Amino acid sequence: MRNKSVWERACGLTETVVEAVEFDEEADAIVESVRPVARARGRCGECRRRSPRYDAGEGRRRWRALDLGTTRVFLESGAPRVRCREHGVIVAAVPWARHRAGHTRDFDALAAWLAVRTSKSAVMELLRVAWRTVGSIVTRVNADVDKTIDRLDGLRRIGIDEISYKRGHRYLIVVVDHDTGHLVWAGPGRNDAALNVFFDELGPERCALLTHVSADMADWIARVVARRAPNALRSADPFHVVAWAIQALDVERRRAWNDARGRRPTAGLARQGRSTGDAKHISQARYALWKNRGDLTGRQRHQLDWIAKTTPRLWRAYLLKEGLRYVFAVKGTEGKIALDRWIEWARRSRMPAFVELQRRIVTHREAIDAALDTGLSQGLVESTNTKIRLLTRIAFGFHGYQPLVALALLALGAPPPRLPGRT
Ligand SMILES: [Zn+2]
């Protein structure tokens, strides 16, 4: 008897009786025969309602539990079926595992904890499980979190964005809470219908409480937000506005590169070969042009100096990009004044890409001013997206988008997964 209670404690079992423990040579694992205590027996696997027994089901089965030392452990028990008033004939609940799971709750907890904190290979090697199994585990752990807390409660200021994964073949819409910094929702797609799913889940009352929605200028997001969150001020995403400037700068960079190349007699061959001379310098300076001024390496600073001296038009384009970044760095009234000046500057730049950009900015001025007033930076959304993008890379082996969403919510939402046996 004492031995059995030691086994119960060692495996963190509750409401469970250990009947016997043996070492299964074939499985190379410890196998504990267990059964639920009387009060936990004969309950529906879905709703836990006490229900009359139906039959013995498919007989005895095993659940993978946490290792003991270096040895794998399985719990073994019958899996009788009961007839639930609501759910019909269904496998009875067991205290040690989730319904339909092949692993114990503790194993699930550890796997989810590791999945959000370590690498894919670390999880697989340490737990000796397939990555797809981890996908199923995080999905059910997250489903349990969803049952206990409502991540959409108390939202006032949110950020919406879309990200692509699987080399641009799949899209996720991502919603973050600016006030807590948490990821609160993610769903597949990139259109009105996909975003409407979020607002449907939020419900009209909570939609009406939204005060600010930051998003990029995608028309479909603006359209849905205007209709579903009528009280919310739409706030532009500085990150995306600066990204527009980088695109305009890139048009100028390509133009400068073509001009430089065009001056060379071997222009016709340059398509296959490497560019040389000025064109080469311009092409090498690409990253220096894109980057934040403060993040430049010594070499990149030299590259910019070279452009300033040799390619004045491209240099002006660079300064315009940096000027727009400055607008969002200073924010507030000062930012708005700086933006007025910037618009004038871009209008007279005689660079079509920037003339077009200032027109676009004038069109979205209200949302951009809102961003400058509130200081709501999509930086939060941006960093969330960067993290999700990293997750999408490891989610390649998952089946469908649900495990990816679950992993993202567990990693970037609240509350984070907990280790088994610790509160
Ligand atoms: Zn039921």
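What you see is a predicted model, and the numbers here were worked out from it, not measured in a lab. Starting from 1, each residue takes its place in the sequence as its number. Note: hydrogens, waters and symmetry copies are ignored here, and every other heavy atom, side chains too, is used.
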**Q** Looking only at side-chain N and O atoms, does Trp96 offer a donor or acceptor that is under 3.5 Å from a partner on Asp106?
**A**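 No, Trp96 and Asp106 have no side-chain donor paired with an acceptor closer than 3.5 Å.
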**Q** Under 4.0 Å between a side-chain nitrogen and a carboxylate oxygen: does that hold for Arg105 and Asp144?
**A** yes
**Q** Hey, can you tell me if Trp315 and Tyr318 have their rings parallel, tilted or perpendicular (30° and 60° cut-offs)?
**A**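 Parallel, since the angle between the ring planes stays under 30°.
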**Q** Go through it in stages, so that I can follow the logic: the residues are Leu324 and Leu339, the test is side chain to side chain contact (heavy atoms under 4.5 Å, CB included), and I'd like the CA-CA distance, side-chain angles, deciding distance and then a yes or no.
**A** CA-CA 7 Å; Leu324 198 55; Leu339 184 56; 3.9 Å; yes
**Q** Mark yes or no for whether Asn142, through its side chain, and Val138, through its backbone, hold a donor-acceptor pair below 3.5 Å.
**A**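 Not confirmed, Asn142 side chain does not pair with Val138 backbone.
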**Q** At what distance, to the nearest 0.5 angstrom, does CG of Leu68 lie from SG of Cys11?
**A** 4.5 Å
**Q** Within the structure provided, determine whether Leu13 and Leu75 are in side-chain contact (heavy-atom separation under 4.5 Å).
**A** yes
**Q** For residues Leu110 and Pro420, report the shortest heavy-atom separation together with the two atoms involved.
**A**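 For Leu110 and Pro420, the tightest heavy-atom pair comes out as N-CD, 3.8 Å.
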**Q** State whether the side chain of Thr16 and the backbone N or O of Thr14 hold a donor-acceptor pair below 3.5 Å, judged by distance alone.
**A**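 Present.
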**Q** List the atom of Ala186, the atom of Val405, and the distance in Å for their closest heavy-atom pair.
**A** O-CG1, 3.6 Å
**Q** Does Arg206 use its side chain to pair, donor to acceptor, with the backbone of Leu202 at less than 3.5 Å?
**A** yes
**Q** Could you walk me through whether Glu201 and Trp185 pass the side-chain hydrogen bond (donor to acceptor under 3.5 Å, both in side chains) test, one step at a time?
**A** CA-CA 10 Å; Glu201 281 181 35; Trp185 193 86; 3.1 Å; yes
**Q** Using only atom types and a distance under 3.5 Å, with no angle test, would you say the side chain of Asp67 pairs donor to acceptor with the backbone of Thr70?
**A** no
**Q** Look at atom CD of Glu58 and say whether more than 12 heavy atoms of other residues, nucleotides or ligands are closer to it than 6.0 Å.
**A**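 Not buried by this count: 12 neighbours or fewer within 6.0 Å.
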**Q** Is there side-chain contact between Asp340 and Arg365, with at least one heavy-atom pair below 4.5 Å?
**A** yes
**Q** Classify the side-chain pair His178/Ser214 by whether it contains a donor and acceptor separated by less than 3.5 Å.
**A** yes
**Q** Between the side chains of Arg313 and Asp259, is the shortest nitrogen-to-carboxylate-oxygen separation below 4.0 Å, so that they form an ion pair?
**A** no
**Q** Answer yes when Arg151 and Asp146 have at least one side-chain N-carboxylate O distance shorter than 4.0 Å, and no when they do not.
**A** yes
**Q** Looking at CG of Asn191 and CD of Glu162, how far apart are the two atoms once the value is rounded to the nearest 0.5 Å?
**A**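 Reported to 0.5 Å precision, the distance equals 10.0 Å.
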**Q** Are the side chains of Gln247 and Leu357 in contact, using a 4.5 Å heavy-atom criterion?
**A** no
**Q** To the nearest 0.5 Å, tell me how far Arg293 CZ sits from Arg301 CZ.
**A**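 One finds 10.5 Å between CZ of Arg293 and CZ of Arg301.
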**Q** Carefully, step by step, assess Gln300 and Trp290 under the rule side chain to side chain contact (heavy atoms under 4.5 Å, CB included).
**A** CA-CA 11 Å; Gln300 287 170 331; Trp290 286 346; over 6 Å; no
**Q** Looking at Leu210 and Leu155, what are the two nearest heavy atoms and their distance?
**A**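 So the two residues come closest at CD2-O, 3.7 Å.
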**Q** Any sub-3.5 Å donor-acceptor pair from Arg72's side-chain atoms to Ala27's backbone N or O?
**A** yes
**Q** Check the pair Leu320 / Glu252 against side chain to side chain contact (heavy atoms under 4.5 Å, CB included), numbers first and verdict last.
**A** CA-CA 11 Å; Leu320 273 164; Glu252 282 302 318; over 6 Å; no
**Q** Could you check whether Asp237 pairs with Arg234 (Lys NZ or Arg NE/NH1/NH2 to Asp/Glu carboxylate O, under 4.0 Å)?
**A** no
**Q** Rounded to the nearest 0.5 Å, how far does OG1 of Thr180 lie from CD1 of Ile158?
**A**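 Going from the CD1 atom of Ile158 to the OG1 atom of Thr180 covers 11.5 Å.
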**Q** Which atom pair, heavy atoms only, marks the closest approach of Arg48 to Val94?
**A**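 That closest heavy-atom pairing would be NH2-O, 3.4 Å.
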**Q** Taking C-beta and beyond as the side chain, do Ile30 and Phe74 meet within less than 4.5 Å on heavy atoms?
**A**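 SC-SC contact between Ile30 and Phe74 ruled out.
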**Q** Between Arg325 and Glu322, is there a side-chain N and carboxylate O pair less than 4.0 Å apart?
**A** yes
**Q** Does the side chain of Arg43 come within less than 4.5 Å of Val82's, by heavy atoms?
**A**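 Val82 vs Arg43: side chains apart.
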**Q** Just wondering, more than 12 heavy atoms not from Arg170 lying within 6.0 Å of its CZ?
**A**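 Counting neighbours around CZ of Arg170, 12 or fewer heavy atoms of other residues, nucleotides or ligands fall under 6.0 Å, so no.
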**Q** Would you call Arg360 and Glu356 a salt bridge, using N to O less than 4.0 angstrom?
**A**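 The answer is no: the pair does not qualify as a salt bridge.
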**Q** Is there a side-chain contact between His103 and Ser136, using heavy atoms and a 4.5 Å cut-off?
**A**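 No, side chains not in contact.
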**Q** If I take atom OG1 from residue Thr133 and atom CZ from residue Phe107, how far apart are they, to the nearest 0.5 angstrom?
**A** 8.5 Å
**Q** State, with a plain yes or no, whether a side-chain heavy atom of Leu289 is found less than 4.5 Å away from one of Leu314.
**A**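 Yes. Closest side-chain heavy atoms under 4.5 Å.
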**Q** Using a strict 4.0 Å threshold on nitrogen-to-oxygen distance, state whether Arg98 and Asp108 make a salt bridge.
**A**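 Answer for the salt bridge query: yes.
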**Q** Could you tell me whether a side-chain N or O of Ser51 sits under 3.5 Å from a main-chain N or O of Arg49, the two making a donor and an acceptor?
**A**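 Answer holds: yes.
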**Q** Report yes or no: does Trp257 contribute a side-chain atom to a donor-acceptor pair with the main-chain N or O of Ala279 at less than 3.5 Å?
**A** yes
**Q** Measuring only between side-chain heavy atoms, which start at C-beta, is Arg60 closer than 4.5 Å to Ser33?
**A**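 They are in contact (side-chain heavy atoms under 4.5 Å apart), so the answer is yes.
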**Q** Specify the closest pair of heavy atoms between Leu152 and Phe198, including all atoms of both residues, with the distance to one decimal.
**A** CD2-CE1, 3.8 Å
**Q** Go through the steps to decide whether Thr211 and Leu233 satisfy the test side chain to side chain contact (heavy atoms under 4.5 Å, CB included), and finish with yes or no.
**A** CA-CA 6 Å; Thr211 59; Leu233 191 61; over 6 Å; no
**Q** How long is the span from the CD1 atom in Ile163 to the CZ atom in Arg190, to the nearest 0.5 Å?
**A**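 If we round to the nearest 0.5 Å, Ile163:CD1 and Arg190:CZ are 12.0 Å apart.
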**Q** Taking the side chain from Gln358 and the backbone from Val355, do they hold a donor-acceptor pair closer than 3.5 Å?
**A** yes
**Q** Using a strict 4.0 Å threshold on nitrogen-to-oxygen distance, state whether Arg254 and Asp250 make a salt bridge.
**A** yes
**Q** Kindly give the heavy-atom pair with the smallest separation between Ala346 and Phe354, and that separation in Å.
**A** CB-O, 3.9 Å
**Q** Count the heavy atoms of every other residue, nucleotide or ligand shown that sit under 6.0 Å from CZ of Arg128, and state whether that count exceeds 12.
**A**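 Yes.
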